[in-house]
Amino acid sequence: MSLKNLRTHYTVQIDPDEVSDQKVTISGWVHEVRDLGGICFVVIRDRDGRAQVTLVKKKIDRELFNFARKLVRESVVTVTGSVKGEGKAPNGYEIIPDEISVLNEAESPLPMDTTGKVDAELDTRLDSRFMDLRREKTHAIFRIRHVILQAIRTYFTAEGFIETTSPKVVATATEGGTSLFPITYFDREAFLNQSPQLFKQIMMSGGLDRVFEIGPIFRAEEHDTRRHLNEATSIDMEASFMDHFDVMEILENMIAYVYSQVIENATPSLEALGIELKVPETPFRKVPYSEAVDIVNAAGEEQMVWGDDIGTQSEHTIGESVFKETGESHYFITDWPTEIKPFYAMPYENDPLISKSFDMMHRTMELSSGAQRIHLHDMLRSRIEGQGLDPDAFEFYLKTFKYGMPPHAGWGLGCERLVMTMLGVDNIRDVVLFPRDRRRLSP
RNA sequence: GUCCGAAUAGUGUAGAGGCCUAUCAUGGAGCCCUGUCGAGGCUCCGACCCGGGUUCGAAUCCCGGUUCGGGCGCCA
């Protein structure tokens, strides 16, 4: 007998008008037991919802009644019974059981509450993430995350992009800037890759033309904030015969599409979180870096000189300023000083001090950064040298620029940041199943 | 890395030197209860992070440690 027989319906698939008085079998967790004496309600929870099992003492087998009222919360059970339309029941129906069997009884006390009656701190929830995932709100986040990722794949595919994967174990410290995790690769030292950047570009020389990748990136920074992880998910794209404006357009349209898909396909999850989403308006406002500096200096809380990187406080100042003006949370900061961007960002021909680079911001944090890339071998090599890196270590990369590299552009977008800004989640750890940060390596 | 803050039942909390035999909620055990949906009522169970110190007396004050949270830095 297949275990599939343990479920004829998910709880949400039961339509009392259709299956009234029919037998169904549902399986899931005992969410709550409410014993009122003469009547007992057992709430069964599965992935998509809940169903009420009702036992009236006088109308049901005494043994079954006593068994039901002693069920231990969060045990896994299978219930077979008949469906009865009932206005007083939560979904308009209840199940009158013939049989209840416990597949696996839960211990008690539970490491945390799953019903929403008592809060638990993030650290407690992450220590017992399996139990935390049984909470409606946590579950909703990961259902939405799935819809987001699915929408991104649909969008890229429709735009002619090919999904690729690049190696996470690499020999060279790729772009510089960030620290890498060293690992042992047989008898050699290797690193966990900080970004698919160099490989995306190599694929442009390979003629794949438009690629995207959704995958893990690793940063060994000892940062300790609500918006950083040491293992994150990067959504990356690269496209040939495009400049930075072209890929900014792809980015903003993708964001708008993803929001609209979440609204359309994740309604119950949004409701569970109490969120009303609005699709961001495109095109996003473009603020040149020099204008951003002026905004910061005019606000007076921090003073910047041209060429400084933009700090957290300043990011907020600019974000609020744009929001006041446009009512929109998303915007671009464009035309960054070449010196504070990675070596592969293309400088403007008429003003090489600034580059064809951009960051895509949410009012609260940076979401994405991208640029038109340098596709000329000699210029790229001297930029690598100029940043104090060893060009010989980049030979596998530089080589691909010598034999026909088209002009190209691309960006990387932080998946977790996209999710958290969309859902108004304060801590990035909330939107990753098993976050890896400075301190946490388990579960 | 740095600055600030916190640590009390399984979970979330109250607590400002003697009011603490430590509050409340949730939970667990038991009893009552026929329409609950954060069910309700009654009884019981369960905790002061670790180590030093101050004091007649410390959950409370001080020092050190550990762990956690937040800001900043670094970064996406």
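Both backbone and side-chain heavy atoms feed into the values below; hydrogens, waters and symmetry mates do not.
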Looking at rC68(B), rG12(B), rC72(B), which one has an atom nearest to any side-chain atom of D119(A)?
-> rG12(B)

Closer to the 5' end of RNA chain B via nearest nucleotide, is it T115(A) or F41(A)?
-> T115(A)

From the list rC68(B), rG35(B), rA76(B), which nucleotide is the closest neighbour of the side chain of R439(A)?
-> rC68(B)

Of the candidates rC68(B), rG35(B), rC74(B), the side chain of I39(A) sits closest to rG35(B)

Selection from rC74(B), rG35(B), rG1(B) that lies nearest to any side-chain heavy atom of K84(A) | rG35(B)

Any T312(A) side-chain N or O less than 4.0 Å from OP1/OP2 of rG73(B) | yes

From the candidates rA76(B), rG69(B), rC72(B), the one with an atom nearest any side-chain atom of H223(A) is rA76(B)

Within 45° cone of Y10(A) ring axis and under 6.0 Å: R47(A) NZ or CZ | yes

Which whole number of Å gives the distance between the C1' atom of rC48(B) and that of rA22(B)?
-> 8 Å

Once you round it to whole Å, what is the distance between P of rG71(B) and CD of E301(A)?
-> 16 Å

Just checking G311(A): base, sugar-phosphate only, or nothing, at a heavy-atom cut-off of under 4.0 Å?
-> sugar-phosphate

Side-chain N,O (S108(A)) to OP1/OP2 (rG10(B)) below 4.0 Å | no

Counting only side-chain N and O atoms of N427(A), is one of them less than 4.0 Å from OP1 or OP2 of rG70(B)?
-> yes

Nearest to the side chain of R226(A) - rG1(B), rG35(B), rG70(B)?
-> rG70(B)

Can you figure out which of rG1(B), rA25(B), rG35(B) approaches the side chain of V118(A) most closely?
-> rA25(B)

Examine rG27(B): is either OP1 or OP2 under 4.0 Å from a nitrogen or oxygen in the side chain of K117(A)? Give yes or no.
-> yes

Using purine N1 to pyrimidine N3 plus N6-O4 or O6-N4 for Watson-Crick, or N1-O2 and O6-N3 for G-U wobble, each under 3.5 Å, what pairs with rU11(B)?
-> rA25(B)

N-O pairing of D113(A) and R73(A) below 4.0 Å = yes

Would you call the rings of F394(A) and F343(A) parallel, tilted or perpendicular if under 30° counts as parallel and over 60° as perpendicular?
-> perpendicular

What are the two closest heavy atoms between A89(A) and Q52(A), and how far apart are they?
-> CB-NE2, 4.0 Å

Step by step, would you call H330(A) with F284(A) a ring-ring contact (aromatic ring centres under 6.0 Å, His included)?
-> CA-CA 6 Å; H330(A) 298 266; F284(A) 296 169; 5.3 Å; yes

In terms of side-chain heavy atoms of R438(A), which of rG1(B), rG73(B), rC68(B) is nearest?
-> rG1(B)

Sub-4.0 Å heavy-atom contacts from residues 48-64 of chain A onto RNA chain B, ordered by number | Q52(A), V56(A), K58(A)

Among rC72(B), rC74(B), rA76(B), the one nearest any side-chain atom of E221(A) is rC74(B)

Which is it for H408(A) and Y344(A) under the ring-ring contact (aromatic ring centres under 6.0 Å, His included) test, yes or no, and what are the steps along the way?
-> CA-CA 11 Å; H408(A) 59 279; Y344(A) 46 76; 9.4 Å; no

Taking rG38(B), rG12(B), rC74(B) as options, the one with an atom nearest any side-chain atom of E32(A) is rG38(B)

Classify the side chain of E94(A) and the base of rG35(B) as holding, or not holding, a donor-acceptor pair under 3.5 Å.
-> yes

Check against salt bridge (charged side-chain N to carboxylate O under 4.0 Å, His left out), E163(A) and R210(A) | CA-CA 9 Å; E163(A) 180 162 5; R210(A) 297 179 179 196; over 6 Å; no

Should the ring pair F396(A) and F199(A) be called parallel, tilted or perpendicular, given that the plane angle runs from 0 to 90° and is split at 30 and 60?
-> tilted

Mapping D426(A) and N230(A) to their closest nucleotides on RNA chain B, which lands nearer the 5' end?
-> D426(A)

Any side-chain N or O of R219(A) less than 4.0 Å from the OP1 or OP2 oxygen of rA76(B)?
-> yes

